[in-house]
Amino acid sequence: MAEIIHWADVVAEDVLEQRKENVVATGITPSGHIHIGNMREVVTADAVYRALLDMEDSVKLIYIADTFDPLRKVYPFLPQKYSEYVGMPLSEIPCPCGNCANYAEHFLNPFLESMKKLGIEPQVYRADELYKSGVYTEAVKTALIKRDEIAAILSEVSGRKPASDWSPFNPICEECGRINTTVVTDFDIDSETVDYTCSCGHSGTVFMQGGGKLTWRVDWAARWKILGVTVEPFGKDHASRGGSYDTGKLISREIFGYEPPHPVVYEWIMLADKGAMSSSTGVVVSISDMLKVVPPEVLRYLIIRTRPGKHIQFDPGLPLLTLVDEYERLNQADQPPDYNRRVLELSKASGICHTEIPFKHMVTLHQVAHGDLEQILNILKRAGYSTDDRRCIKELVDNVSNWLDMYAPPFAKFSVRDDLPPQTATLSDVQKAFLAAMAEVIDEKGDMSGEQYHNLVYQAKDVGSRIHSKMADILECDETELKVNPKDLFKAIYTVILGQSSGPKAGWFLSSLESDFLVRRFTEAFRYEPGDQ
RNA sequence: GGGCCGGUAGCUUAGUCAGGCAGAGCGAUGGACUCUUAAUCCAUAGGCCGAGGGUUCAAAUCCCUUCCGGCCCGCCA
């Protein structure tokens, strides 16, 4: 069988057949919380970018925020007074929280922050700045002059016939500030101005530079040429026949004389039980919410291991734990298979936090320490982990903490009981004798490693071991007659500490608890009489 | 009405472009480690590759039809 090549490398190879210098572009409209589906776009772009970098290509990664698009409606998360801003460009609307430069920045900032956490640092452009700086002006002129040709393409490819007063350019009304209520009446190429009338009653003249924007389908194509875009991932909504990529392709070639970028079409991310992520159905998990739970590398891994054309099922419950495990296991493998090695390479990124502490361990630890960071650090130190990188450990602790709060299935949860649980009544004499013997040994030795605890439990079944003979003494029976099943011993431990019959891997679990506490609890359990409570 | 993507083991999937013995991980089962518990290692089982037809010496892969799931266009981007 032929060697399996990662999809990002396949795209990179295809692209390199066309050109040696590339610009990978990605873009999103910051009209609301930017969700995980949008993140597939940037991670996909980043994967292709990295693949191109690895082939010693000259390549840039850029991100364009569509800050000049109008606000479409008063979204549910907006105060009603935003109705007065509907139709105005996002960059010209005040920020909902009052602390950001404008509406667009309010949603853009957390997203840029999330990208940084994911190790993605593209060159960022804002559409309003691009228009205001004048780089679009030539394209605006061309579009206005070739208005009829563009209209013909749109009508032919998309099947939609633009209205007679349609223009590829939407001026911003100087009176009411809206961009979607104006009609172009004339334009002057030399003075670079456009005349318009607005439904608010105003009519006037704006500069092509910053006075408005091209409509989406034309804007997209113009942007390719202006920024030299050669590769661009986009959602399947743009990919269907007659969709914006189809029209953009023709507009780019025939109007702007630019070869359109190599498309990378990606599928939606499905949320378990809730269906596709979509703003209109309200099924939205923001990227920052997602990063509250999933370590960044794992989120990258989830996206990068899956071909862009496939749905991604994302279940933040138990399957997330499996995913994290899978990633960590792969990460520790000496020689992962080729395909996975590549997936792993592309999932890692500089600047991403990474610790050697397994997620599952932290799930146990966090619950033992009731989420207290200092205590967690102490236990980690005792277990021989490096605690130098507090920031990254803290990040993991936060991930685990949020996971336990929001998604953890019941069996993954436990709490160390403050008092001896009543279930202690169900223990047999052998189990109690074992706990008493454990208490003695722990009292003598102090804190032990997870492995030592683990071995201790198993030694209890061996005739001749110290713990075994202690048990025999306590039970006042002959050592050789004492039959012990380790299974019952583990159960006894979980019962007296957690009040349940199973729990996290015992050695590691016990070593994360204070030895004094264990001695006290085990002794108490030994002395416990059902009538006591 | 038109179009796009997906359907491969119980689950998640690779392989489809470029036809050549269907591969992995998880889970399950069995075993090992002087140690089954949410650890590690080894092994085993599990598949009409959604269905039907066609092309071919040879089809998961190419062509046609069809079913299922998801989505898009026909408002706007």
Side-chain angles (χ1 to χ4, degrees), chain A residues 1-7 10-11 13-14 27-29 31 37 66 68-70 72-73 87 157-161 170 179-180 213-220 234-248 263 265-270 275-278 280-281 302 305-315 318-319 321-323 325-327 329-330 332-333 336-340 343 358-361 363-364 409 411-412 414 450-462 464-465 485-491 493-494 501-509:
Chain A
M1 182 178 290
E3 192 186 347
I4 300 166
I5 303 170
H6 190 267
W7 58 262
V10 173
V11 172
E13 280 170 12
D14 285 354
I28 288 162
T29 309
S31 57
D66 289 305
F68 225 28
D69 285 11
R72 308 241 153 254
K73 61 175 183 180
V157 178
S158 74
R160 182 189 332 162
K161 290 189 177 54
N170 297 132
I179 194 171
N180 60 355
K213 76 179 283 285
L214 295 168
T215 63
W216 159 248
R217 285 178 187 241
V218 183
D219 181 298
W220 204 22
F234 47 86
K236 60 178 179 181
D237 50 338
H238 297 297
S240 57
R241 177 67 48 87
S244 44
Y245 184 72
D246 261 10
T247 52
V265 179
Y266 61 87
E267 256 288 354
W268 305 140
I269 293 184
M270 321 282 289
M277 200 81 61
S278 141
S280 56
T281 55
L302 174 71
R305 69 170 184 165
T306 312
R307 260 184 310 143
K310 301 274 271 196
H311 298 277
I312 290 180
Q313 287 284 354
F314 182 77
D315 187 334
L318 194 60
L321 212 53
T322 309
L323 181 73
D325 262 1
E326 188 182 319
Y327 178 75
R329 180 189 298 243
L330 203 56
Q332 284 165 8
D338 283 353
Y339 183 79
N340 280 331
V343 171
F359 195 91
K360 270 186 181 171
H361 269 190
V363 169
T364 301
F411 92 90
F414 63 84
E451 198 182 352
Q452 285 172 309
Y453 275 115
H454 188 80
N455 288 335
L456 198 56
V457 178
Y458 279 96
Q459 279 162 17
K461 75 171 167 41
D462 298 333
S465 74
N485 182 353
K487 199 170 187 162
D488 296 330
L489 306 183
F490 284 107
K491 196 174 169 186
I493 291 170
Y494 298 125
S501 60
S502 65
K505 190 166 160 25
W508 161 255
F509 176 55

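In what follows, chains carry the letters A, B, and so on, assigned in the order in which the sequence lines appear, proteins first and then strands, with residues in each chain numbered from 1.
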Looking only at atom C1', what distance separates B:G46 and B:G25, rounded to whole Å? 15 Å
For the side chain of A:Tyr458, starting at C-beta, report the closest nucleotide among B:C35, B:A14, B:G70. B:C35
Tell me every residue that passes ring-ring contact (aromatic ring centres under 6.0 Å, His included) with A:Tyr458, counting only those two or more places apart in sequence or in another chain. A:His454, A:Phe490
Would you indicate whether the side-chain heavy atoms of A:Leu302 and A:Ile269 approach each other to under 4.5 Å? no
Could you check how far CD1 of A:Ile493 sits from C1' of B:C35, rounded to whole Å? 13 Å
Distance col, row A:His238:NE2 vs A:Ser244:OG, nearest 0.5 angstrom, shows 4.5 Å
Distance in angstrom units between A:His361 NE2 and B:A39 P, rounded: 9 Å
What nucleotide among B:A38, B:C35, B:G25 has an atom nearest to a side-chain atom of A:Glu326? B:G25
Checking side-chain contact (heavy atoms from CB on, under 4.5 Å) against A:Asp219, which of A:Asn170, A:Asp69, A:Leu214 comes through? A:Leu214
Of the listed B:U12, B:G70, B:U37, the closest approach to the A:Glu267 side chain comes from B:G70
Rounding to a whole Å, what distance do you find between A:Asp219:CG and B:C76:P? 16 Å
Applying ring-ring contact (aromatic ring centres under 6.0 Å, His included) to A:Tyr245 and not counting sequence neighbours gives A:Trp224, A:Phe234
For A:Asn455 and B:A39, what is the distance between atoms CG and C1' respectively, to the nearest whole Å? 12 Å
Walking RNA chain B from its 5' end, the first of A:Lys360 and A:His238 to be reached, judged by nearest nucleotide, is A:Lys360
Please state whether the rings of A:Phe509 and A:Phe414 are parallel, tilted or perpendicular, taking 30° and 60° as the class boundaries. perpendicular
As its Watson-Crick or G-U partner within any shown strand, both distances under 3.5 Å, B:U44 has B:A28
What is the distance, to the nearest angstrom, from the NE2 atom on A:His6 to the C1' atom on B:U13? 13 Å
Checking contacts here: which listed nucleotide (B:A38, B:C35, B:A14) is nearest the side-chain heavy atoms of A:His454? B:C35
For B:C4, which nucleotide in any strand shown is its Watson-Crick or wobble partner with both distances under 3.5 Å? B:G70
Same-atom distance (P) from B:C73 to B:A58, integer angstrom: 44 Å
Spacing of the C1' atoms in B:G47 and B:C21 (rounded, Å): 14 Å
With both distances under 3.5 angstrom, what nucleotide forms a Watson-Crick or G-U wobble pair with B:U34? none
Whole Å only: how far is the CZ atom of A:Phe509 from the P atom of B:U37? 15 Å
Side chain proximity check, A:Val343 to A:His6, heavy atoms < 4.5 angstrom: yes
When the C1' atoms of B:G54 and B:G19 are considered, how many whole Å apart are they? 15 Å
Is A:Arg307 close enough to B:A14 that one of its side-chain N or O atoms is under 4.0 Å from OP1 or OP2 there? yes
Paired with B:G19 by Watson-Crick or G-U wobble geometry, both distances under 3.5 Å: which nucleotide is it? none
Could you tell me whether A:Tyr494 contacts a base, only the sugar-phosphate backbone, or nothing, with contacts defined as non-hydrogen atoms closer than 4.0 Å? sugar-phosphate
Complementary nucleotide of B:A9, counting Watson-Crick and G-U pairs under 3.5 Å: none
Interatomic distance where CH2 belongs to A:Trp7 and P belongs to B:A14 [whole Å]: 12 Å
Between B:A22 and B:G15 - C1' atom distance, rounded Å: 8 Å
Between A:Asp14 and A:Phe490, which has a closest nucleotide on RNA chain B that is more 5'? A:Asp14
Could you check which of B:U37, B:A38, B:A14 has an atom nearest any side-chain atom of A:Lys310? B:A14
Taking the P atom in each of B:C4 and B:U65, what is the distance between them to the nearest angstrom? 11 Å
Just the rounded figure in Å: distance from C1' of B:C11 to NE2 of A:His311. 17 Å
Suppose you measure atom P in B:G2 against the same atom in B:A14; what distance do you get, rounded to whole Å? 30 Å
Looking only at atom P, what distance separates B:C72 and B:A60, rounded to whole Å? 33 Å
Counterpart base for B:A60, defined by Watson-Crick or G-U wobble contacts under 3.5 Å: none
Which of the following nucleotides, B:G69, B:C73, B:U12, is nearest to the side chain of A:Arg305? B:U12
